[in-house]
There are 2 protein chains.
Amino acid sequence: MTRSHEIAGVLRDEILRGQFRPGERLPSERDLAARFGASRGAVREALSQIEQLRLIDIQPGGARIKEVNDASIAVLGPLLGLGSVPDAGLVDQFLDTFSALARFTATRAIPRITEMQRTDLLAQLDAMADDLGSVESLQPKMRAFLLTLDRIADNLVVRLISNDLQAQFVERMLLLHPRPSLKPESLQALVSGMRLGVENGDGEGVAAALDTHFLSMRALVAQALASA
Amino acid sequence: MTRSHEIAGVLRDEILRGQFRPGERLPSERDLAARFGASRGAVREALSQIEQLRLIDIQPGGARIKEVNDASIAVLGPLLGLGSVPDAGLVDQFLDTFSALARFTATRAIPRITEMQRTDLLAQLDAMADDLGSVESLQPKMRAFLLTLDRIADNLVVRLISNDLQAQFVERMLLLHPRPSLKPESLQALVSGMRLGVENGDGEGVAAALDTHFLSMRALVAQALASA
DNA sequence: AGTCCATATTGGTCTTACCAATTTGCCGCG
DNA sequence: CGCGGCAAATTGGTAAGACCAATATGGACT
């Protein structure tokens with residue numbers, strides 16, 4: 001972690017916390033350098049990073065705060081990490097979005113899979129079916145399965161979105177205690193539902209199974225966050 | 001446009017063009033400074049920006065190129081602008097993604113709209129219905145309508161994704177000649193389809209209208225790009 | 001009260017310098 | 001010939017100082 005990343009992190013969080021109003025001017029680079037006990041170069045690198053998050057607009061005369069609504073999606077992770085517990089509403093929006101992305105991937109992938117790919121997917125699902133009890137080992141298999149679908153769907157735009165969100169989200173949610181865990185019956189339904197869809201080349205079937213899975217997931221996580 | 005942004009743009013495009021293999025080392029900051037006739041500070045700021053795109057990994061010892069698959073979605077715009085004409089496949093993936101995002105927004109927004117919002121939406125649709133002939137003036141109304149839905153759906157994650165993609169995509173596609181334009185009948189079907197959905201509180205109806213609209217759009221754009 | 005201009009401030013850029021970590025390349029050993 | 005190990009060169013990280021052009025500020029003047 002370099003000095004400029006540290007500084008960027010602090011300033012980013014302050015902006016996300018709303019400590020500056022949109023349109024307001026950020027302290028000058030020289031003032032920030034003094035505040036952080038760093039060189040102006042380090043501060044400039046930090047500001048350059050925050051500018052890429054589209055949280056500020058740097059111009060001769062000063063850097064001005066922008067609306068969070070116009071920011072890059074890269075602020076979502078830091079936004080989750082602001083409090084000691086992630087914001088329940090934002091987490092639900094994340095999961096809802098994941099749900100839509102998974103549905104997208106499934107409906108685009110299934111109609112174009114080859115026989116070999118189908119065999120591969122079925123094998124992965126069978127491996128998952130043997131593992132319903134331990135969420136810890138099912139999770140990575142689920143991710144691998146969705147990644148396979150993602151490769152088949154072959155949409156770079158959605159792939160980058162999914163990767164980005166996943167990276168920001170998973171990392172922050174793994175810290176939760178206690179980790180919510182779905183009932184084996186639900187997982188069983190998910191796996192068998194997807195299996196049926198893959199077998200029949202029914203993308204909508206796979207998507208539907210994912211939909212209900214994400215719905216239960218959202219309910220569960222909401223409950224976990226409420227109690228935390 | 002500052003020097004560091006210029007340099008970052010050049011290096012970014014070179015990486016996106018595949019002029020470096022993943023894992024390969026980028027020239028040192030001092031060499032790059034010499035190449036661009038700039039100071040090391042300017043180059044460092046540029047590299048810091050490229051690092052935020054997740055195109056490189058900066059470490060003591062050197063900056064190493066990463067896989068484009070792991071990059072930020074902020075590379076999609078530059079990726080569209082690499083050639084004289086945007087890549088048709090990537091454009092289609094963009095539109096497909098827009099389609100899914102619009103569907104998401106519609107299905108989430110419609111069930112939770114208030115009477116006042118419904119009135120507003122219907123008014124917007126009526127204004128659009130009077131304007132089917134000129135694509136130039138319909139386009140912004142369509143965007144405003146989707147933005148209204150977006151505000152109602154109230155999902156920050158999807159909003160940021162949509163904003164981001166839109167900003168990157170629209171800007172690059174406006175340069176196309178000739179600009180593709182849908183037949184008035186199709187637009188008529190879109191507007192009336194959405195109107196029916198809004199009236200009946202039928203999110204799936206609105207989404208379906210959007211689906212068919214984006215399908216025609218994709219066919220049209222593919223044709224335009226093939227001829228360009 | 002409004003306008004205009006001099007001044008101070010701010011970002012943009014370059015130079016030079018030093019440190020710590022990594023990489024490189026050479027040497028000697030097995 | 002290969003391989004381990006050590007020293008030197010290279011590389012990124014950071015700092016301090018300086019100058020310019022564009023912007024913002026404040027005061028003088030009308």
Side-chain angles (χ1 to χ4, degrees), chain A residues 1-15 19-67 70-72 74-75 78, chain B residues 1-15 19-67 70-72 74-75 78:
Chain A
M1 178 66 73
T2 70
R3 199 83 185 81
S4 70
H5 285 95
E6 281 179 40
I7 298 173
V10 172
L11 290 176
R12 155 173 53 68
D13 286 349
E14 288 183 355
I15 296 174
Q19 298 186 12
F20 302 91
R21 277 173 241 169
E24 191 176 340
R25 268 188 31 193
L26 213 58
S28 74
E29 296 176 352
R30 290 167 178 85
D31 287 350
L32 290 173
R35 167 183 164 193
F36 287 104
S39 72
R40 227 187 110 201
V43 170
R44 276 188 63 78
E45 286 178 22
L47 290 183
S48 167
Q49 291 164 28
I50 298 180
E51 185 187 36
Q52 282 221 304
L53 296 179
R54 268 170 287 146
L55 285 174
I56 62 174
D57 227 0
I58 305 182
Q59 279 176 359
R64 297 203 123 82
I65 273 70
K66 297 176 62 176
E67 302 274 356
D70 297 330
S72 151
V75 306
Chain B
M1 177 67 72
T2 70
R3 198 84 184 80
S4 71
H5 286 94
E6 283 180 39
I7 297 172
V10 172
L11 289 177
R12 156 173 55 67
D13 286 350
E14 288 183 355
I15 295 173
Q19 297 186 13
F20 302 91
R21 277 173 242 168
E24 192 177 338
R25 269 190 28 198
L26 213 57
S28 74
E29 296 177 351
R30 290 165 177 88
D31 287 350
L32 290 172
R35 166 183 164 192
F36 288 106
S39 73
R40 226 189 110 199
V43 169
R44 274 188 64 79
E45 285 179 24
L47 290 183
S48 166
Q49 292 163 25
I50 298 181
E51 184 187 37
Q52 282 221 303
L53 296 179
R54 269 169 286 146
L55 284 174
I56 62 174
D57 227 359
I58 304 183
Q59 278 176 359
R64 299 204 119 82
I65 273 68
K66 296 176 61 176
E67 301 274 357
D70 297 330
S72 151
V75 305

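In the text below, chain A, chain B and the rest are named by the order of the sequence lines, each starting its count at 1.
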Practice prompt. In sequence, state the C-alpha distance, the side-chain angles, and the governing distance for A/Leu26 and A/Leu47, and then conclude on side-chain contact (heavy atoms from CB on, under 4.5 Å).
Written response: CA-CA 10 Å; A/Leu26 213 58; A/Leu47 290 183; 3.6 Å; yes
Worksheet item: Toward the 5' end of DNA chain D, which comes first, B/Gln59 or A/Gly62, by nearest nucleotide?
Response: B/Gln59
Worksheet item: Which residue lies toward the 5' end of DNA chain D, A/Arg64 or A/Met1, if each is placed at its nearest nucleotide?
Response: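 With A/Arg64 and A/Met1 compared, the 5'-side residue is A/Met1.
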Worksheet item: Using a heavy-atom cut-off of 4.0 Å to chain B, what are the terminal contacting nucleotides of DNA chain C, in 5' to 3' order?
Response: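 It runs C/dG12 to C/dT24.
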Quick one: side-chain hydrogen bond (donor to acceptor under 3.5 Å, both in side chains) partners of [X], sequence neighbours excluded?
X       : result
B/Glu6  : B/Arg3
A/Thr2  : A/Ser4, A/His5
B/Arg30 : none
B/Arg35 : B/Glu14

Item to complete: For B/Pro27, enumerate each residue passing the side chain to side chain contact (heavy atoms under 4.5 Å, CB included) test, keeping only those at least two apart in sequence or located in another chain.
Response: B/Phe20, B/Asp31, B/Leu32
Item to complete: Please work out which residues in residues 34-50 of chain A have a non-hydrogen atom less than 4.0 Å from an atom of DNA chain D and list them by number.
Response: A/Gly37, A/Ala38, A/Ser39, A/Arg40, A/Ala42
Could you go over nucleotides 25-27 of chain D and give all protein N or O partners under 3.5 Å, atom names and distances?
none

Discussion item. What verdict does the side chain to side chain donor-acceptor pair (under 3.5 Å) test give for B/Gln49 and A/Ser48, after you've listed the backbone C-alpha separation in whole Å, the side-chain angles of each residue and the deciding distance to 0.1 Å?
Written reply: CA-CA 7 Å; B/Gln49 292 163 25; A/Ser48 167; 3.1 Å; yes
Item to complete: Please give the angle, rounded to 10 degrees, between the axes at the start and the end of the helix from C/dA1-D/dT30 to C/dG30-D/dC1, where five pairs define each axis.
Response: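 Nearest ten degrees gives 10° for this helix.
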Practice prompt. Output every pair passing salt bridge (Lys or Arg N to Asp or Glu O under 4.0 Å) with a member in residues 51-67 of chain A, not counting sequence neighbours, ordered by first then second residue.
Written response: A/Arg54-B/Asp164
Worksheet item: Mind checking what makes salt bridge (Lys or Arg N to Asp or Glu O under 4.0 Å) contact with B/Arg40, not counting sequence neighbours?
Response: B/Glu29
